Amino acid sequence: MASLSLDLPFMDRAHEQFTALLKRVDEAGDAELSAAWQRVVDLAAQTFAREDEWMQATRFSCRKDHTLQHRVVLEVMREGIVQAREGQLLQVRQMAWQFRDWYLKHVQSMDAALALHLRGARFEPANWGDEGGRGEARVRVSS
């Protein structure tokens with residue numbers, strides 16, 4: 001999805017993964033919905049934690065606000081797991097739509113600012129994997 005591209009490959013991959021997993025939630029039948037939503041929440045937790053580490057490592061000035069958004073949204077998403085287990089599937093589907101809207105705005109504002117900062121800091125995550133594994137950050141100081 002072009003509106004999620006920040007022209008920073010390691011961030012764009014995560015955005016593509018979210019888009020793909022949200023599509024699976026949309027397409028999931030009732031029996032598969034809980035597992036599909038769990039995968040979205042797991043990816044969110046991994047991605048948000050990784051971004052939080054990057055912000056810390058590069059001393060991103062807007063880190064507190066960005067991290068707070070991650071925490072609040074992740075907590076709400078985890079409530080969706082509980083709702084799915086309780087059979088409140090309509091609420092989970094609505095949450096997925098609301099998350100999609102929030103995520104688009106988050107990428108276009110908070111993540112865009114972070115991407116600009118990371119490019120300026122010449123930040124490159126080492127050992128980045130599409131499996132969602134944690135990478136170690138390398139920061140090269142620009143001259």
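In this text, all values refer to a predicted model and were calculated from it rather than measured experimentally. Residue numbers count from 1 along this sequence.
Cluster annotation: M110 and W54 are assigned to distinct hydrophobic clusters (Ile/Leu/Val/Met/Phe/Trp/Tyr, side-chain heavy-atom contacts under 4.5 Å, transitive). Taking hydrophobic clusters as Ile, Leu, Val, Met, Phe, Trp and Tyr residues chained together by side-chain heavy-atom distances below 4.5 Å, L33 shares a cluster with V76.
By the ring pair (Phe, Tyr, Trp, His ring centres under 6.0 Å) test, H117 is found to be paired with F60, residues two or more places apart in sequence or in another chain being considered.
Classification of the H70-H106 ring pair by plane angle, with boundaries at 30° and 60°, yields tilted. Relative orientation of the F48 and W102 rings is perpendicular, given thresholds of 30° and 60° on the angle between their planes.
Under the 4.5 Å side-chain criterion, counting only non-hydrogen atoms from C-beta, V25 is not in contact with F99. Considering only heavy atoms from C-beta on, V92 stays 4.5 Å or farther from Q88 through its side chain. R78 is not listed as a side-chain neighbour of V82, based on a closest heavy-atom distance of 4.5 Å or more. The shortest distance between side-chain heavy atoms of R24 and E32 does not fall below 4.5 Å. Side-chain atoms of Q56 and D52, non-hydrogen and from C-beta on, never get closer than 4.5 Å to each other. Looking at heavy atoms from C-beta onward, E75 lies out of side-chain contact with V72 at the 4.5 angstrom threshold. Between D26 and R100, the closest side-chain pair of non-hydrogen atoms falls below 4.5 Å. At a threshold of 4.5 Å between non-hydrogen side-chain atoms, the residues F10 and L118 count as touching.
The two residues I81 and V41 come nearest to each other via the heavy atoms CD1-CG1, 3.7 Å. Nearest heavy-atom pair, M11 versus L114, reported as atom, atom and distance to 0.1 Å: CE-CD2, 4.0 Å. Of all heavy-atom pairs spanning L43 and A14, the tightest one is CD2-O, 4.4 Å. Residues G29 and R93 share a closest heavy-atom pair of C-NH2, 3.6 Å. Scanning both residues, A84 and L89, for their nearest heavy atoms gives O-CD2, 3.9 Å. Counting all heavy atoms, side chain and backbone alike, W37 lies closest to M77 at NE1-O, 3.0 Å.
The line from CD of Q83 to CE of M95 is 4.5 Å long, rounded to the nearest 0.5 Å. The structure places NE2 of H15 at 8.5 Å from OG1 of T19, a figure rounded to the nearest 0.5 Å. Taking CD of Q91 as the reference point, atom CD of Q98 lies at 10.5 Å (rounded to 0.5 Å).
For the pair Q69 (side chain) and H66 (backbone), a donor-acceptor distance under 3.5 Å is absent.
Heavy-atom contacts from other residues, nucleotides or ligands closer than 6.0 Å to CG of D7 number 12 or fewer.
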message = Applying side chain to side chain contact (heavy atoms under 4.5 Å, CB included) to L4 and D12, what does each step give before you reach the verdict?
response = CA-CA 7 Å; L4 293 179; D12 290 342; over 6 Å; no

